[in-house]
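No hydrogens, no waters, no symmetry mates; every other heavy atom, side chains included, goes into these values.
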Amino acid sequence: MAVSATAGPAAAQGTPAPKAGAKSGPLGASEQRGGPATTQATPPNPVIPDPRRNVPASIFTSFDANQKAVAAKVSAYLSSLQTLVGNFVQVGPDGSKTKGDFYIQKPGKVRFEYEPPTPIDIVADGSSLVVRDRKLATQDVYPLSQTPLRYLLSDRIDLLKDTNVIAVSADDLYVTITIEEKQALIGTSRLMLMLGAKDGQLKQWTVTDPQGYDTTIAVYNLDTTKKLDPAMFKIDFTNYSTPPG
């Protein structure tokens, strides 16, 4: 399942991943727990995956010792994160860019707030994820368990055991891990995580929805020390109901 969020009716698959002209949204990441926060004065330029890339489809993918070690290191890093606050830049399937702030409290809670004029908030309370449109006063609800980015919200995770990893690679700039998820009624979605090769910190992710649309989110100005108000992750199911007619 990939969620969508920019202007327009929500479309839906994964967590924050929109179609062109649909709603789009993301989900979080990054910085070693207890480590110094990474500060970046200007937003990063997201690395956009080649839409013609060839992604392995076999669920029986095998990895060598180096790839397994990379996956284990990324798993330990993701498991070390508990609270995370930062900024994000999102590039939608149509190339449009939006920015905002995000807040993560593991396990299972996240909030994305988009800068104006985008009237979107995305909130997960541990079991449900909603895409709110403040302008239209509407809200689309999805089970958090059906969003591929839930892996970033897991308290602890072993990527090779808990997910279907189909690709592991590394170069001088990035370590990249791609997870594939197949659901009978929805289709196949993918989550591609990219971490810095030198600092080991999460830099961005790309969600590919079952229709093949990519949404990329780059994160920066990360802080793992802030105390978050639990009310930030409370979902109001009454104020954002779809108006009759």
Side-chain angles (χ1 to χ4, degrees), residues 3 5 14-17 25-44 46 71-90 98-115 120-132 142-159 162-163 174-175 177 179 191-196 198-207 215-236:
V3 170
T15 290
L27 190 281
S30 203
E31 180 94 299
Q32 250 166 343
R33 189 180 182 187
T38 298
T39 301
Q40 212 166 310
T42 57
K73 189 173 182 180
V74 173
S75 296
Y77 164 71
L78 294 177
S79 296
S80 75
L81 300 173
Q82 290 301 314
T83 298
L84 188 65
V85 176
N87 307 118
F88 69 88
V89 178
Q90 176 177 305
T98 49
K99 299 178 182 178
D101 307 317
F102 73 89
Y103 309 85
I104 290 175
Q105 180 70 63
K106 293 168 65 177
K109 297 178 181 178
V110 68
R111 182 183 184 92
F112 281 86
E113 297 177 347
Y114 288 76
E115 292 182 358
I120 300 298
D121 292 330
I122 294 175
V123 182
D125 64 359
S127 59
S128 297
L129 180 142
V130 299
V131 179
R132 294 174 176 168
Y142 308 99
L144 181 60
S145 62
Q146 293 181 19
T147 67
L149 288 176
R150 69 183 183 277
Y151 300 126
L152 291 176
L153 298 180
S154 297
D155 195 20
R156 302 193 64 78
I157 191 165
D158 182 329
L159 290 171
D162 301 334
T163 75
Y174 298 105
V175 170
I177 293 183
I179 298 168
L191 169 65
M192 185 172 74
L193 303 172
M194 296 178 68
L195 291 80
K198 291 183 171 60
D199 62 9
Q201 309 301 302
L202 180 59
K203 303 301 182 184
Q204 68 170 55
W205 66 83
T206 297
V207 173
T215 298
T216 297
I217 296 94
V219 294
Y220 64 109
N221 285 343
L222 304 169
D223 189 340
T224 58
T225 63
K226 290 188 178 180
K227 301 289 186 183
L228 300 180
D229 183 353
M232 294 180 66
F233 309 106
K234 181 178 174 58
I235 296 175
D236 186 338

ask   = Would you say the side-chain atoms of Tyr103 pair up with the backbone N or O of Phe233, donor to acceptor, closer than 3.5 Å?
value = no
request  = Provide the closest heavy-atom pair for Pro46 versus Ala218 in the form atom of the first, atom of the second, distance.
outcome  = CG-CB, 3.9 Å
message = When you compare the side chain of Thr42 with that of Tyr220, does any pair of heavy atoms fall below 4.5 Å?
response = no
ask   = Taking only residues two or more places apart in sequence or in another chain, which ones pass side chain to side chain contact (heavy atoms under 4.5 Å, CB included) with Lys99?
value = Pro43, Val89, Glu115
query = Is the closest side-chain heavy-atom distance between Gln90 and Phe112 below 4.5 Å?
reply = no
task = Can you see which heavy atom on Lys106 is nearest to which on Leu153, and at what distance?
result = CG-O, 3.8 Å
task = Output the distance between atom OG1 (Thr83) and atom NZ (Lys109), rounded to the nearest 0.5 Å.
result = 10.5 Å
query = Is any side-chain heavy atom of Val74 less than 4.5 Å from a side-chain heavy atom of Val175?
reply = yes
query = side-chain contact (heavy atoms from CB on, under 4.5 Å) with Val85: which of Asp101, Leu228, Ile104?
reply = Leu228
key: Spacing of CG belonging to Leu84 relative to CG belonging to Leu202, to within rounding of 0.5 Å   = 8.5 Å
query = If you round to the nearest 0.5 Å, how far is CG of Leu195 from NZ of Lys73?
reply = 10.0 Å
key: Approximate separation, where rounding is to 0.5 Å, of Tyr114 OH and Ile122 CD1   = 4.0 Å
ask   = Counting only N and O atoms by type, is there a donor-acceptor contact under 3.5 Å from the side chain of Ser80 to the main-chain atoms of Tyr77?
value = yes
inquiry  = Would the distance check show the side chain of Asp125 and the main-chain N or O of Ser128 forming a donor-acceptor pair, the cut-off being under 3.5 Å?
reply    = yes
task = Measure the CE-OH distance between Met192 and Tyr174 for me, rounded to the nearest 0.5 Å.
result = 10.5 Å
Atom pair NZ/CG of Lys203 and Leu193 - distance to nearest 0.5 Å = 14.0 Å
task = Could you tell me which residues satisfy side chain to side chain contact (heavy atoms under 4.5 Å, CB included) with Thr163, sequence neighbours excluded, listed by chain and number?
result = Tyr151, Ile157, Leu159, Val165, Ile179
key: All side chain to side chain contact (heavy atoms under 4.5 Å, CB included) counterparts of Asp158, not counting sequence neighbours   = Ser75, Leu160, Lys161, Asp162
note = Smallest heavy-atom separation, Glu113 atom then Phe88 atom, equals O-CE2, 4.0 Å
request  = Please report the shortest heavy-atom distance between Trp205 and Leu152, naming the atom on each side.
outcome  = CE3-CD1, 4.1 Å
ask   = Taking C-beta and beyond as the side chain, do Arg132 and Ile235 meet within less than 4.5 Å on heavy atoms?
value = yes
